[in-house]
Amino acid sequence: MKVFKFGGASVKDAAAVRNVASIVARYPDELTIVVSAMGKTTNLLETLVKAHFNSWDEKLEIFAEFRDFHLRIAGELFGSVENIPAEITALIGAVENRLNQPPSLLFDFEYDQLIGFGELVSSQMVSCYLQSAGIANRWIDIRGCLRTDDKFREASVNWKWSEMLVNNTFRFPENRVYVTQGFIGSTVANLTTTLGREGSDFTAAILGNLLNAESVTIWKDVPGVLNADPKLFPETVLLKELSYREAIEMTYSGAKVIHPKTMKPLHNKGIALQVKSFLEPDEPGTIIHQIDHTLELTPVFITKENQAVLTFSPYDFSFITIEDISNVFAQLSAKRFKVNMIQQSAIDLNLVVDTPEVGLESVVLELRKSYQVKYNTGLTLITIRHYTEESIGKLTAGRQVFMEQRSRRTVKLAVK
Ligand code: ADP
Ligand code: ASP
Ligand code: MG
């Protein structure tokens with residue numbers, strides 16, 4: 001069995017869904033197909049969640065945009081509005097019902113109860129379209145078998161429960177093709193959870209692991225993993241082969257092409273991950289697998305925006321101790337901060353963090369009770385793997401460098 005994952009760009013409109021069917025039709029294999037929300041639907045649903053939670057009037061308008069976007073695509077795929085399968089309209093109706101209920105006081109919980117409808121509708125659309133194109137398949141609501149804890153918006157998989165339930169649900173060869181959702185799961189109490197933004201790649205890897213897939217392929221709008229984001233760098237080269245380790249380092253540093261959690265479940269079972277273009281399905285793309293020798297790679301450029309540098313120093317000019325570091329990290333961890341670079345001197349602890357959407361000032365105020373805290377926002381974290389002096393010069397020319405860290409293979413620079 002192979003796992004295929006189709007992301008937002010690959011199902012962004014009716015032509016894209018037809019293209020997905022043409023790719024699936026090329027494979028006679030047993031398939032588990034994981035689908036993300038169509039195009040930018042998750043961003044739209046995020047605005048809907050905020051509007052619902054805050055009881056803003058715009059919520060009806062935003063819902064209408066969500067509904068009409070999907071009905072237009074479904075109308076094109078199934079010939080007319082009257083022919084749209086009831087499964088699809090029922091899911092859109094369920095969103096409307098949810099909006100008619102007053103929200104609870106828990107934002108993260110409310111977020112997860114609405115946001116996953118992007119995946120539920122798109123996967124149903126793909127499943128029904130494949131069916132109409134002669135590719136028999138079974139649609140699965142993944143919430144029935146992918147169980148998680150109840151950390152809404154960033155749930156962790158309950159591997160034991162999920163292993164049993166997933167294997168009871170995806171039964172090959174009873175059906176040759178299954179279609180399901182990325183990104184979502186549910187608690188043991190059947191409350192919907194999500195695995196974090198961009199989490200559909202991770203779902204594909206979880207299912208690959210639990211079902212012992214022969215391979216996992218994620219279909220993207222790029223030829224594979226490149227040495228930089230082609231939207232930011234004019235000249236890029238395809239990396240035909242990567243180790244799991246290299247792919248983890250790249251994606252953890254911010255290469256958005258694959259969710260960083262994707263590699264571990266596949267590495268643990270020795271399952272290869274292919275990254276292929278849904279526009280050029282004949283091209284080999286990138287293969288990520290176990291490689292024991294050192295790969296000589298061209299410099300790989302990764303940028304991460306919205307970074308902040310925080311500098312902590314004790315008020316009484318004493319050294320930074322391990323207790324200080326532990327204190328600072330405990331507070332940042334409780335606020336779900338992500339730390340991307342750490343540097344310590346005698347009396348300073350410097351951290352580069354993702355700037356949170358809201359709340360940086362209040363955390364700084366809290367930390368200032370114990371430490372002097374200075375911070376700079378609006379920075380970019382540049383990571384260059386397999387760097388050369390020339391490659392560093394190219395990226396830092398004319399920019400102010402706030403923090404720099406080098407190891408044998410990687411240089412990290414926080415720049416303005
Ligand atoms: P999906 O449709 O599966 O959600 P994403 O949009 O998350 O796909 O990921 C694909 C995008 O990742 C590409 O369009 C590209 O702009 C971006 N990207 C960032 N870094 C890289 C890289 N090193 N190689 C290829 N693509 C990259
Ligand atoms: N649709 C979700 C998101 O945009 C999950 C994903 O696409 O991977 O974050
Ligand atoms: Mg994505």
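Here the structure is a predicted model, which means the values were calculated and not measured. When a residue number appears, it is its place in the shown sequence, counting from 1.
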So, [X] versus [Y]: side-chain donor-acceptor pair below 3.5 Å or not?
X      : Y      : answer
Asn350 : Gln344 : no
Thr187 : Thr193 : no
Ser123 : Gln181 : yes
Thr203 : Ser200 : no
His70  : Gln124 : no

Does [X] come within less than 4.0 Å of [Y], counting only side-chain N to carboxylate O?
X      : Y      : answer
Arg176 : Glu30  : no
Arg67  : Glu65  : no
Glu389 : Arg406 : yes
Arg143 : Asp141 : yes
Lys220 : Asp201 : yes
Glu249 : Arg409 : no

Face-on cation placement of Arg153 at Tyr111 ring, 6.0 Å and 45° thresholds: yes

Axial cation check for Phe402 ring with Lys412, 6.0 Å and 45° limits: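 No, Lys412 does not sit over the ring of Phe402.
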
Tell me whether the centres of the aromatic rings in Tyr27 and Phe4 are closer together than 6.0 Å.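 Yes, the ring centres sit under 6.0 Å apart.
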
Identified salt bridge (Lys or Arg N to Asp or Glu O under 4.0 Å) counterpart of Asp354 within the set Arg336, Arg197, Lys304, Lys335: Lys304

Angle class for the Phe6/Trp219 ring planes (parallel below 30°, perpendicular above 60°, tilted otherwise)?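 Plane angle under 30°, so parallel.
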
Should Lys40 and Glu46 count as side-chain neighbours, where that means a heavy-atom distance under 4.5 Å? no

Hits for ring-ring contact (aromatic ring centres under 6.0 Å, His included) against Phe107, two or more places apart or cross-chain, chain-then-number order -> Phe53

Can you name the residues that form a side chain to side chain contact (heavy atoms under 4.5 Å, CB included) with Ser55, not counting sequence neighbours?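 Applying side chain to side chain contact (heavy atoms under 4.5 Å, CB included) to Ser55 gives none.
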
